[in-house]
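This structure is a prediction, so every number in the text was calculated from the model and none was measured.
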Amino acid sequence: YRVIPRDFGRYEETNALEVEKVCVGTKDLSLEDYILLRGFHFIIYCYYNGETFKELFYYLRGIGCEIYDLCYQLLERIDSAPQMVRKVYYQFLSDTKNELWDSEDDIYRHYREDSNFHKLLMQEEGCNLLQKCHALFFSSYFEIFLDYIFIEARMLLNENGISYDSEIMESIRSYIMNTRKRVLDLVKEETLLELAYDVHAWKEERYRRPLSGYKRKARFKLFQTEKQRAIIQNYIKIYGNTKAGKGKILTRINPKILFREVAVMK
């Protein structure tokens, strides 16, 4: 049993919450297996779902690399990941275990105490854990998570004897980092970006040709529009500026609409 995320409140001096029953194992699936699969879900949710790493995945597929193999390697080698990636991942696993209770009565009894119920109201507990971690991924540690997938991608390519262009990989990494970091922050300054390969033109032409055909010095101005800032302000007003609130925002909108606008410079 667990508390249904964000389905609680205090009404007429009463602590009220909803509880759901969840399956965390079968005769063929242990609780440890369940936790492991939740960890893999964390990897898929942050790295594969959406379009955050779309350019990297298109390039890797084009040179013969399986994206599933890369995602699974991110899971298998998590203990070699940067410290903050490990911290977020293992906190997610810990919270996954700790949100489970043996009975509904245990939950109601625990949150009858105002000091415990206050943790729900402050979004310290009772959150959608994947959404909460996704918010950390995008708002606090994006560059660190970004570095991890590029380190593992290069390692996977080397281990499988697949040739790749380091300059292309760096162009893709720089393009992703500068267009997608701090998507939930209000940013007024512009960023100037120069790449050895024109990743933006490749994307705009829907990846029809190999990126190797776009080798030219490309210069861009990256900026956040007034419309994007208004979207961020409105959603933060509704859901708050906490990790859980930002996670909820990212389920209500496609993060893609908050990626920096790109102006090509001659």
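Using a 3.5 Å distance cut-off with no hydrogens or angles, the side chains of Arg77 and Tyr148 do not pair a donor with an acceptor. Neither side chain, Asp69 nor Gln73, offers a donor N or O lying under 3.5 Å from an acceptor on the other. A donor-acceptor contact under 3.5 angstrom links the side chains of Thr242 and Gln123, judged on distance only.
In Gln83, the CD atom is not crowded: 12 or fewer heavy atoms of neighbouring residues, nucleotides or ligands sit closer than 6.0 Å. The neighbour count for Glu170 CD, taken as heavy atoms of other residues, nucleotides or ligands under 6.0 Å away, is above 12. By the neighbour-count criterion of 12 heavy atoms within 6.0 Å, atom OH of Tyr48 is sparsely surrounded, having that number or fewer from other residues, nucleotides or ligands. Within 6.0 Å of CZ in Arg206 there are 12 or fewer heavy atoms belonging to other residues, nucleotides or ligands.
When every heavy atom of Asp198 is checked against every heavy atom of Leu211, the shortest pair comes out as O-CD1, 4.2 Å. Among all heavy-atom pairs drawn from Glu125 and Phe8, the shortest one is O-CZ, 4.3 Å. Nearest heavy-atom pair across Tyr111 and Asn15 is O-ND2, 3.2 Å. Thr96 and Leu100 get closest at one heavy-atom pair: O-CG, 3.5 Å.
Glu20 contributes no side-chain N or O that, together with a main-chain N or O of Arg2, makes up a donor-acceptor pair within less than 3.5 Å. Side-chain N or O atoms of Thr14 include none that pairs as donor or acceptor with a backbone N or O of Ala16 at under 3.5 Å.
The structure places NE2 of His41 at 8.5 Å from CD1 of Ile44, a figure rounded to the nearest 0.5 Å.
Note on Tyr11 and Val3: separate hydrophobic clusters, where clusters join Ile, Leu, Val, Met, Phe, Trp and Tyr whose side-chain heavy atoms are under 4.5 Å apart, directly or indirectly. Both Ile144 and Phe92 are members of a single hydrophobic cluster when ILVMFWY side chains are connected at heavy-atom separations under 4.5 Å. In the hydrophobic clustering of this structure, Val24 does not group with Tyr1; members are Ile, Leu, Val, Met, Phe, Trp, Tyr whose side-chain heavy atoms approach within less than 4.5 Å, directly or through other members. Following chains of ILVMFWY side-chain contacts shorter than 4.5 Å, one cannot reach Ile107 starting from Val22, and the two form parts of different hydrophobic clusters. Leu222 and Leu186 fall within a single hydrophobic cluster, where Ile, Leu, Val, Met, Phe, Trp and Tyr are joined by side-chain heavy atoms under 4.5 Å apart, directly or via other members.
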Exercise. Taking it one step at a time, do Lys188 and Gln224 satisfy side chain to side chain contact (heavy atoms under 4.5 Å, CB included)?
Worked result: CA-CA 7 Å; Lys188 291 189 176 181; Gln224 190 178 70; over 6 Å; no
Exercise. Can you check side chain to side chain contact (heavy atoms under 4.5 Å, CB included) on Leu192 and Met265, steps first, answer last?
Worked result: CA-CA 9 Å; Leu192 299 180; Met265 300 177 66; 3.7 Å; yes
Exercise. Given Glu152 and Leu70, is the side chain to side chain contact (heavy atoms under 4.5 Å, CB included) satisfied, shown in steps?
Worked result: CA-CA 7 Å; Glu152 292 303 321; Leu70 175 58; 4.2 Å; yes
For this session: Under the side chain to side chain contact (heavy atoms under 4.5 Å, CB included) rule, what do Leu156 and Cys65 come out as? Steps first, then yes or no, please.
Result: CA-CA 8 Å; Leu156 183 64; Cys65 180; 3.7 Å; yes
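Residues satisfying the ring-ring contact (aromatic ring centres under 6.0 Å, His included) test with His110, not counting sequence neighbours, are Trp101. Remark: Tyr90 pairs with no residue by the ring-ring contact (aromatic ring centres under 6.0 Å, His included) rule, at least two apart or across chains. Here Tyr59 pairs with nothing under the ring-ring contact (aromatic ring centres under 6.0 Å, His included) rule; sequence neighbours left out.
A cation-pi arrangement is present between Arg209 and Tyr214 under the rule of less than 6.0 angstrom and at most 45 degrees off the ring axis.
Between Phe137 and Tyr47, the ring planes lie perpendicular to each other; the angle is over 60°, past the 30° to 60° tilted range. Note on ring orientation: taking the six-membered ring where Trp is involved, the planes of Tyr235 and Tyr239 are parallel (angle under 30°, cut-offs 30° and 60°).
Results of the salt bridge (Lys or Arg N to Asp or Glu O under 4.0 Å) test with Glu143 over Lys181, Arg180, Arg173, Arg182 single out Arg173 as the only residue that passes. For the side chain to side chain contact (heavy atoms under 4.5 Å, CB included) with Phe145, the lone residue among Thr52, Val88, Leu136 that qualifies is Val88.
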